[in-house]
Amino acid sequence: MRVGGIRITLTAIIGTLIILACVGGAILAPWVAPHDPNLPMGGRWDPPSPEHWLGLDQIGRDMFSRILYGGRISIGLAMLATILAFVVGVVTGLAAAIFGGWIDMLFSRVADVVLSIPNLMWALIILSGFGTGATIIVLTIGSLYSVYVFRVARSVAMNVVVLEYVEAARLRGEGLMWVILREILPNALPPLAAEFGLRFCFAFLFVAALSFLGLGVQPPDADWGSMVKESALAIPAGIAAPLYPAAAIALLTIGVNMVVDWLLSMYSRPQGENA
Amino acid sequence: MLKLLGQRLVLGILTLILVSALIFAVTEWLPGDIATNILGQQATPENVAAIRAELGLDRPPYERYVEWLRGAVDGDFGTSLANKRPVADVIGPRLWNTLFLAAYAALIAVPLSVFLGILAAIYRNSIYDRLVNISTLAAISMPEFFIGYILILFLAVQFRWFPAIATFKPEQTFTQHLYATFLPMLTLVLVVIAHMMRMTRTSVLTVMASPYIEMALLKGLSKARIVVRHALPNAMAPIINVIALNLAYLIVGVVVVEAVFTYNGLGRLMVDAVSKRDVPVVQACGLIFAVVFIGLNLIADVLSILSNPRLRHPR
């Protein structure tokens with residue numbers, strides 16, 4: 001299917017619908033949640049019923065309402081971390097590509113060192129020095145992922161910087177900021193958009209993992225990761241309670257991945273070429 | 001070739017030293033007054049002074065770093081703040097447990113995924129191939145704890161085939177060990193296998209697009225023979241890299257999987273230490289993970305140099 005020259009695939013539509021449902025449910029939680037997420041209203045891990053679609057949690061709170069509210073924290077924290085990663089990564093990446101020399105050298109070597117061991121290891125090491133909690137995990141994930149964004153932004157900008165039109169703009173005496181904002185950034189945008197989706201996915205899973213390990217969001221606040229941890233004891237009793245927030249995490253990740261796949265296939269194929 | 005290998009080795013060691021410096025800086029230098037930070041609510045002047053003495057905080061950071069690194073090389077990581085035992089004694093058995101689990105998962109996952117990936121390349125665009133693609137998407141989207149809990153719920157609780165909690169007892173035989181850790185192993189395998197399969201498939205297909213393969217095809221060789229005899233040797237280097245990457249990923253996955261199965265490994269020890277802010281233990285765990293990770297990458301580099309005839313034979 002084509003709309004205005006853009007190829008729309010079924011995957012893209014399903015992915016978008018999943019994202020809209022998750023984000024919409026989270027934003028509209030106060031209006032659409034059937035129950036108060038913090039009010040115990042029944043027994044421990046009561047099974048799903050028409051009244052409580054996903055049953056109750058470890059202290060008898062409505063699981064479905066808690067997932068809607070938890071989505072605000074899960075998605076919000078991942079979004080903040082991704083934005084932080086992009087601001088830092090794009091600025092340093094462009095700086096490295098434009099100025100080159102020792103700035104490029106310094107940033108690139110720091111990136112190499114950070115990427116030489118897994119992110120989760122760095123996160124654990126940083127959290128042991130600076131303490132745990134929602135703020136610190138956003139800052140940690142944001143700074144760790146800025147390294148990846150830096151690499152993408154740098155390589156994309158490197159390719160654009162050498163093109164004739166950038167040189168032409170410089171020769172006709174445009175200021176540095178003008179060249180960056182009007183010539184380089186617009187042409188670096190499509191790959192950065194796909195990178196944004198991908199980074200969001202990873203940041204979202206990262207927040208979930210740290211909260212699951214008990215190092216992220218702390219009670220009484222709850223995100224999807226910490227909800228899995230808190231209700232984990234249901235599993236040996238044969239009750240599926242922790243699987244619901246875990247499934248919510250998987251669902252949103254699949255949705256975003258589907259849209260990212262579509263974005264990648266869009267700009268890897270020259271426009272006008274039929275597929 | 002020896003020069004190339006030597007370069008990689010020096011680069012690896014240099015990276016490790018920089019990583020260790022960064023680990024030290026992040027845990028002991030950047031956070032400011034860590035004695036007060038670690039204690040939080042219990043930061044009475046006496047407690048703060050005790051922690052300062054314990055970590056030797058009155059000396060300049062670079063001196064402490066050099067001393068820490070020198071100790072670490074000798075296997076002395078200092079004393080745990082939480083239980084006052086030597087860190088090396090706390091870590092020893094945990095490290096063994098984690099390596100056991102990771103090796104167990106790797107031995108199953110690597111041959112299986114390379115085999116299945118090659119099959120996907122041979123039967124390209126078939127239903128089986130599509131299944132590989134879909135399972136990859138599913139695997140990268142599902143958090144490790146989701147897969148782990150589903151396995152526990154069905155295989156341990158409903159059918160009671162395997163134990164839900166992976167515990168080690170000294171009197172267990174080796175087979176009992178394997179049985180007790182079957183579910184965490186399966187979780188790790190499921191987490192890494194899809195990616196390895198997909199990358200194996202891509203590597204083989206990239207080589208399959210080259211002219212000499214077309215030549216083999218035109219000679220009338222069978223598809224399986226072309227893939228195994230002609231394409232695979234040239235696809236080895238990228239496949240080795242993917243395997244190394246995933247083994248490293250396995251080591252990360254271990255942290256979450258150990259939490260799911262309350263398995264007494266290094267990952268769970270490290271997470272506990274982070275929440276208790278037991279800095280010496282975290283530093284030691286971080287350094288050990290870094291050595292394993294950088295070591296794996298080094299081995300992958302060496303193997304892909306060895307598997308490439310152009311690099312193997314000096315011109």
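Within every chain, numbering begins at 1; the chains are lettered A, B, ... in the order of the sequence lines, protein sequences first and strands thereafter.
- Ranked by heavy-atom pairs shorter than 4.5 Å toward chain B, the options A:A209, A:A237, A:G131 are led by A:G131.
- Atom OG of residue A:S116 and atom CG of residue B:L298 lie 12.0 Å apart, to the nearest 0.5 angstrom.
- Within the 4.5 angstrom heavy-atom criterion, no atom of A:L252 approaches chain B.
- Here CG of B:D272 is found 9.5 Å from CG of A:L215. Values are rounded to the nearest 0.5 Å.
- Of the atoms belonging to A:A234, not a single heavy atom falls under 4.5 Å from chain B.
- The shortest non-hydrogen separation linking B:F289 to A:M121 is CD1-SD, 3.3 Å.
- In this structure, no portion of B:L16 lies under 4.5 Å from any heavy atom of chain A.
- With a 4.5 Å cut-off on non-hydrogen atoms, A:L205 touches chain B through its side chain but not through its backbone.
- The closest side-chain heavy-atom distance from A:D112 to B:T15 is not below 4.5 Å.
- For A:P118, the parts sitting under 4.5 Å from any heavy atom of chain B are the backbone and the side chain alike.
- The residue among B:V19, B:L18, B:L14 with the most heavy atom pairs within less than 4.5 Å of chain A is B:V19.
- With a threshold of 4.5 angstrom between heavy atoms, B:Y149 approaches chain A through its backbone and through its side chain.
- Here the CZ-CD1 distance, from B:F24 to A:I125, works out to 13.0 Å after rounding to the nearest 0.5 Å.
- At a 4.5 Å heavy-atom cutoff, the contact between B:V26 and chain A is made by backbone and side-chain atoms alike.
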